[in-house]
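The structure under discussion appears below in the form of structure tokens.
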Amino acid sequence: MQPADTDLQPINTESVEEVVVPETPKPAFQSASVNFVKEGKEVVASQGANLRIKAVENQVDLYTFGGKLMNCGGYGQCGTCIVEIVEGMENLSPRTAFEERKLKKKPASYRLACQALVNGVVSVKTKP
Ligand code: FES
């Protein structure tokens, strides 16, 4: 069986206009960093990194003796991962409802590391 030649039209490439697709602006990469003041460690983090995970990854000890034995592993259940934010509180995610309850009697600069997401430069004091 032969294909029907009558339906095929030659393409006129001269009449085709070049289509310019506008580039969508890419969001600028924003890095974050965490300065663990007591330990003297400055750690680069990606936007939205979990503060507790950054500490654990960089061998920064967040827990007191009791916290070492009893911590919940970062699930926001125990309240043993308390840190003090020395600088850059505005670069962390807002306090969660659990933090509001657990840190009710603590200074406003205290956070639970496992509940805080880093969005910029912060300085942290562990075991305040
Ligand atoms: S590790 Fe348990 S609340 Fe943060």
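Order of listing sets the numbers, starting from 1, for every ligand and every atom in it.
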For [Y], does its backbone N or O pair with a side-chain atom of [X] as donor and acceptor, under 3.5 Å?
| X | Y | value |
| --- | --- | --- |
| S93 | L117 | yes |
| N71 | G73 | yes |
| S46 | A49 | no |
| E99 | T96 | yes |

* Asked: Where the closest heavy atom to atom 2 (Fe) of ligand 1 is concerned, which of C78, G76, G67 has it?
  -> C78

Atom indices of ligand 1 within 4.0 angstrom of [X] heavy atoms, with elements:
| X | answer |
| --- | --- |
| C81 | 1 (S), 3 (S), 4 (Fe) |
| Y63 | 1 (S) |
| G74 | 1 (S) |

* **Short N/O/S contact of C72 with atom 4 (Fe) of ligand 1 (below 2.8 Å)** => no

* Asked: Does C114 put an N, O or S atom under 2.8 Å from atom 4 (Fe) of ligand 1?
  -> yes

Interatomic distance, [X] atom [atom1] to [Y] atom [atom2] [nearest 0.5 angstrom]:
| X | Y | atom1 | atom2 | result |
| --- | --- | --- | --- | --- |
| C114 | Y75 | SG | OH | 10.5 Å |
| M89 | S109 | CE | OG | 5.5 Å |
| Q47 | N119 | CD | CG | 4.5 Å |

* Sub-4.0 Å heavy-atom contact, Y75 with ligand 1 -> no

* Structure fact -> closest protein heavy atom to atom 3 (S) of ligand 1 is G79 N, 3.1 Å

* Taking heavy atoms and a distance under 4.0 Å, where does Q77 meet ligand 1: side chain, backbone, both or neither? -> backbone

